[in-house]
Amino acid sequence: MSTSTTPPTSREDDRPATTRGQHGDSHRAATPGGDGASRTRRRLVEPVAGLVLLVVLAVLPLLNLSIPGVLPGATYTPGTLQLLALCLLFASLALTYHVLFGITGLLSFGHALYLAVGAYGLGIVLERTGLGLLPAMVVTLVLGIAVATLLGAVSLRVSGISFAMVTLAFAQAGSVLIRRNPSITGGEESLPLTTDHVPAALVGVIHTRNLYWVALALLVLVLVLVTWFERSRAGHVAAATRENELRVRVLGMRPYPVQLLAFVVGAGLAVVVGMVYLLLNSGVTPRVASADFTLTILVVVVLGGLGSRWGAVVGGIVYTLLDHRLTALASSDTVEQLPALLRVPLSEPLFLLGTLFVLVVLFVPGGLVGLGTRLADGVRGRRGSTADGAA
Amino acid sequence: MSTLVLLLVTGVGLGALYFLVASGLSLIYGLMGVLNFAHGSFLTLGAYAGWEVSRRMSDGSWLSLVLSLVVGAAVGALVAIATELLLIRRLYERHVEQVLVTVGLALATVALFDGIWGTDAVYVSGPAWLDETSGVLGAQIPHDRFLLIGVAVAVLLGIVAFLRFTRFGLVIRAGVENRSMVTALGIDVRMAFTVVFAIGGAAAGIGGVLASQYFGYVSPQLGASLLIFAFIVTVIGGLGSLLGAAIASLAVAVLQQLANFYASGTGDLVVVLLLAAVLLVRPSGLMGARA
């Protein structure tokens, strides 16, 4: 595998414009002079801004806000809340993938498998056993972690591109299993949520508000756990492995256990997201296990900004909204009346998203968050230089 | 016995399809380190191009089949060249971004095929001879298997001859072995990159036309479904090894057929298990360079 060792070095050498989060942070921290204050400010700004955002998101179902063109209706209506909850779920899912790809540098093409394990696992446990919701969730989580540990241990025997292909193959096997066993999983049809043991407050369109809050709580939980992992010793070793595996080995540490830990943490959290996904949609379709879905998660993470937690969150929200609005656009009358040359591409949301993704990879390396940071830095830099000029 | 023969020949025929996709993937990866997710789209586009040709010709003649193979190969090669020049070339040595770009391209093109040709499969018919069977060792073998095997062998020989006997082939082989050394000797490897993409695209295009003959239809998902097995084949065979890809294609497809028949449709799972087993024993694949 001589070729697989090139990515870490090439990352450092050829990409001055790289905007991977930690990478950028460490550079900033390393530049001397006056940075200590801005760093403490930054460290304060993040939680405060997060808290304000959390409060706004939490009271959203109680307000009557309309954002035409972005949301389908006022924020208290179940349809809008369902979409918003889906946004939050996608943000959580993107965060779990951030643990693998963003922090540890593991390019997995099988992450959707764990979402599917969560959703299908919980659905099957609820349907087949008389367990209540919480015990069923615990059983599913244990199962999911077992699957992740087993498959992660095998796939981490290879690295780089081979790892990507192996995880893809495992996810494909999962997808085949789901489609081929209709008596257990509902096959091509969806697996509906068995509601006998689910609290009434989480069932039905009327209670979409509660599900929205559950999704919000999940996002906060995942964000806290992912941040914790990222700042832990294991997280640091994982990030170091991403940047230069050889150097980690030379320092006397073994990357494998840390990579496996990151894999299991990311997959386990994805299992939890999958369970909430089942509750929110009161069912699950085999689409969530497909290779396309994994690629979607990848698109979300890169779109938001690779290597940054907030990038994953922003990416998840923006992607879900875009997907929804583009689907609405595709079936709108304006598009129907266009000539075929324009109508065909515009009526395919995935074509537009794929093209957007290619453009982001080519021209906006840091994704949306990177773009935002660069714009902010640009403004600050200009202000700084004019101040210098005045002095 | 006759069932076994039929399964084996069918397996080899399917293996020929896998090889047509995997050969390009493996060459591209070996030389450039690019995992090309859009390879399935080259195949699908080749298949649709072939279908468009045979639809316009009087259906069912050998001429139309040969012509659609040629057009499929040409379209596959052209799209591959365009991909290399417009997207991959900007991102040399940035392997993760290259993968991401091809992922985006794959998503976008499949959706575009949906829009142009519809999500439903279009049905393809070939020369009547292909639907007939002949007896081999007591088994009735459909003739399309022979076509698949024949074309795949021809493509394999063609690529091997190209790599052995031409200057480009020499550069490519040397580049797979040690690219920085070739560059250091003052040879422009970039041209070789484009050539490799063109070869891979042409092979995929041919594979697309043959796949549409074999399955009897073309759908936007055709390429993606074959691509996953081609990935498995490339990993099992060893990334960058053409011979490894050929052997692994046969092994995977035959095993898949046997498992599907004797173990009630578990072919896909058995293939994944084989992949896991190979990785546990030999992480670099059958013919891959030692790690």
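Quick caveat: nothing in here was measured; it's all calculated off a predicted structure. Side-chain atoms are counted along with the backbone in the values below, which use heavy atoms only and exclude waters and symmetry mates. Below, read A as the first sequence line, B as the second, and so on, with proteins coming before strands; counting in each chain starts at 1.
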Q: Measure distances from A:Phe351 to the heavy atoms of chain B and classify the residue's part below 4.5 Å as side chain, backbone, both or neither.
A: both
Q) Can you find a pair of side-chain heavy atoms, one from B:Asp268 and one from A:Arg180, that are under 4.5 Å apart? A) yes
Q. Which heavy atom of A:Val361 sits nearest a heavy atom of B:Glu97, and at what distance?
A. CG1-O, 3.8 Å
Q | Portion of A:Phe163 that has a non-hydrogen atom of chain B nearer than 4.5 angstrom | A | neither
Q. Is there any residue in residues 35-48 of chain B with a non-hydrogen atom under 4.5 Å from a non-hydrogen atom of chain A, and which ones are they?
A. B:Leu35, B:Phe37
Q) Considering all heavy atoms of both residues, which atom of A:Val358 and which atom of B:Leu105 are nearest to each other, and what is their separation? A) CG2-N, 3.7 Å
(Q) For chain B, which candidate among A:Val154, A:Val166, A:Leu107 shows the most heavy-atom pairs at distances under 4.5 Å? (A) A:Val166
Q: Kindly compute the distance separating OH (B:Tyr29) from CE (A:Met165), expressed to the nearest 0.5 Å.
A: 7.0 Å
Q: Could you look at B:Leu273 and say if it's the side chain, the backbone, both or neither that has a heavy atom under 4.5 Å from chain A?
A: neither
Q. Any chance CZ of B:Arg190 has more than 12 other-residue heavy atoms, nucleotides or ligands included, within less than 6.0 Å?
A. no
Q. Are side-chain heavy atoms of A:Leu168 and B:Ile232 found at a separation under 4.5 Å?
A. no
Q | side-chain contact (heavy atoms from CB on, under 4.5 Å) against B:Thr10, all qualifying residues, sequence neighbours excluded | A | B:Leu6, B:Arg145, B:Tyr214, B:Gln257
Q) Which of residues 107-117 of chain B have a heavy atom under 4.5 Å from any heavy atom of chain A? A) B:Leu107, B:Ala108, B:Ala111, B:Leu112, B:Asp114, B:Gly115, B:Ile116
Q | side-chain contact (heavy atoms from CB on, under 4.5 Å) partners of B:Leu163, counting only residues at least two apart | A | B:Leu27, B:Ile159, B:Ile172, B:Arg173, B:Leu242
Q) Tell me, side chain or backbone of B:Val99 under 4.5 Å from chain A's heavy atoms, or both, or neither? A) side chain
